[in-house]
Number of protein chains: 2
Amino acid sequence: MAHQPRRTLRRAPKADETLTRPRKRPATQGTDEQRPPISLDGLTSLAGYLIRQAQLWVFEDFNGTLAPLDIRPAQYSILVVVRDNPGLSQMALSEVLGISRSGIIPPLDELQSRGLLERLPTSDRRTHALHLTAAGTALLALADSLVQQHERRLMDKVGSRGHQQLLQVLEVFGRNR
Amino acid sequence: MAHQPRRTLRRAPKADETLTRPRKRPATQGTDEQRPPISLDGLTSLAGYLIRQAQLWVFEDFNGTLAPLDIRPAQYSILVVVRDNPGLSQMALSEVLGISRSGIIPPLDELQSRGLLERLPTSDRRTHALHLTAAGTALLALADSLVQQHERRLMDKVGSRGHQQLLQVLEVFGRNR
DNA sequence: TATTGTTATACTCTATAACTATA
DNA sequence: TATAGTTATAGAGTATAACAATA
């Protein structure tokens, strides 16, 4: 029904990262006894396992880096796609991001309540046209520079050559899912 | 206190995958009108985004492949680590898997209730020694062959060379987090 | 009838804190 | 006091189903 843009104030997200984060091994537990090494070879030989571990690192580092702006990965991806495709509908957005059309609503509500994004009416009164506000555009510019820092840290982790290889090899996962 | 191994029956996990899965674009919505292409360049140039998308594919394919055995990624990783490190404690397991010591309990309970894994008492009566049962060893062997199918599908996706590069480049994320 | 956005609900995963028993 | 395992609780993320407005 193309409701009024809602003003719902959503739960303030924890300023810090809330996503999976690795254990900070508990200070080599008390005495610095050496513990028997645990073999992970059965897992580390699987590319899928390594991808999962890399993704956990990415989210952790991303969240830490963008904590000052209180932007999580999903929010960042929404802001980028809306900036690059102004006026797109919620359906189109949820589709390219691989989220259900109901799942896109909480992050959109939050971004809107923070004044970063707006839902404008269209000729088809069922749909909303998504646009960034001036504040959203400004904040995204800041976020972009932090994301570049994050990306550089990833490059430090895997090497410049490794980073290039990742972009090439994983490109197949980037196209429209 | 090294409780009795619990018999708690845990909620039957949905036999199919329950993790994030991509939208199956709704049949090009009704009429096959061509929709304006949506630019994702702002995201696909980020290695972190591609890693995230790859990881979603991995979980989806993994879950689909291992659905006949009703084994999810976390359960598989537990079975592998316990097989390769028999007798390790829950603390050690949760540490190498990057899960909190309370978070390891639900999957362990489930595996134990399914007769795949047991918690044996040790001289330190606070700790449990984790071991696979015969059934667990047998099921893991089946799982391994399915995981190899999954890994082959990943190789089909990124190419043989790309697969090798992934193992090399991401190896840094595999070591003990 | 089909589609968009929304609400309601449920489930998974993970986190933290408090508790028990052991050391 | 410190540690291992457990319980209780909470939060984020995502899923499905049903609904109203609109096409």
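Order of the sequence lines fixes the chain letters, A, B, ..., with proteins taken first and strands second; residue numbering starts at 1 for each chain.
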Visitor: Starting from P on C:dA15, measure out to CZ on A:F59 and report it in whole angstrom.
Guide: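 Going from CZ in A:F59 over to P in C:dA15 covers 14 Å.
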Visitor: Which word best sums up how the rings of B:W57 and B:H150 line up, parallel for under 30°, tilted for 30 to 60°, or perpendicular for over 60°?
Guide: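 Because their plane-to-plane angle is under 30°, the rings of B:W57 and B:H150 count as parallel.
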Visitor: The criterion is salt bridge (Lys or Arg N to Asp or Glu O under 4.0 Å); which residues satisfy it with A:R152, sequence neighbours excluded?
Guide: none
Visitor: Starting from P on C:dT4, measure out to CG on A:L120 and report it in whole angstrom.
Guide: 18 Å
Visitor: Starting at CD1 of A:I99 and ending at P of C:dT6, how long is that distance when rounded to a whole Å?
Guide: 14 Å
Visitor: So if I take every side-chain heavy atom of B:M91 and compare against C:dG5, D:dA4, C:dA15, which nucleotide ends up nearest?
Guide: D:dA4
Visitor: Would you kindly give the CZ-to-C1' distance between A:R119 and C:dT4, to the nearest whole Å?
Guide: 12 Å
Visitor: Taking only residues two or more places apart in sequence, or in another chain, which ones meet A:Q165 in a side-chain hydrogen bond (donor to acceptor under 3.5 Å, both in side chains)?
Guide: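 Listed in chain order: nothing, the list is empty.
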Visitor: With a 3.5 Å cut-off and heavy atoms only, can you find an N or O donor on one side and an acceptor on the other between the side chain of B:R125 and the base of C:dT22?
Guide: no
Visitor: Write down the distance between CG (A:L88) and P (C:dG5), rounded to a whole number of angstrom.
Guide: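 In whole Å, C:dG5 P lies 9 Å from A:L88 CG.
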Visitor: Can you measure A:I104 atom CD1 to C:dT3 atom C1' for me and round it to whole angstrom units?
Guide: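 One finds 17 Å between C1' of C:dT3 and CD1 of A:I104, rounded.
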Visitor: Side chain of A:S102, base of D:dT16: donor and acceptor closer than 3.5 Å?
Guide: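 Checked by distance alone, the answer is yes.
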Visitor: Which of the following nucleotides, C:dT6, C:dC13, D:dG5, is nearest to the side chain of A:H128?
Guide: C:dT6
Visitor: For D:dT6, take OP1 and OP2 only and decide whether either is under 4.0 Å from a side-chain N or O of B:Q90.
Guide: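 Affirmative; the distance criterion is met.
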Visitor: Among C:dG5, D:dA23, D:dA4, which nucleotide has an atom closest to any side-chain atom of A:R126?
Guide: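 Output: D:dA23.
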Visitor: In whole angstrom, give the distance that lies between atom CD1 of B:I105 and atom P of D:dT9.
Guide: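 Distance, rounded to whole Å: 16 Å.
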Visitor: Nearest to the B:S100 side chain among C:dA15, D:dG5, C:dA23, which nucleotide is it?
Guide: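 Among the listed nucleotides, the one closest to the side chain of B:S100 is C:dA15.
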Visitor: Do B:M155 and B:L66 belong to the same hydrophobic cluster, where Ile, Leu, Val, Met, Phe, Trp and Tyr are linked whenever their side-chain heavy atoms lie under 4.5 Å apart, directly or via other members?
Guide: no
Visitor: From CZ of A:R72 over to C1' of D:dT14, roughly how many Å is that when rounded to an integer?
Guide: 15 Å
Visitor: Contact class for A:S123 vs. all strands (heavy atom < 4.0 Å): base, sugar-phosphate, or nothing?
Guide: sugar-phosphate
Visitor: Give me the atom names and distance for the closest heavy-atom approach of A:S94 to A:S100.
Guide: CB-O, 3.8 Å
Visitor: Give a yes or no on whether a donor-acceptor pair under 3.5 Å exists between the nucleobase atoms of D:dG5, that is its base, and the side chain of B:R101.
Guide: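 Yes.
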Visitor: Taking the nucleotide of DNA chain D with the closest heavy atom to each, which residue, A:A74 or B:A129, is nearer the 5' end?
Guide: B:A129
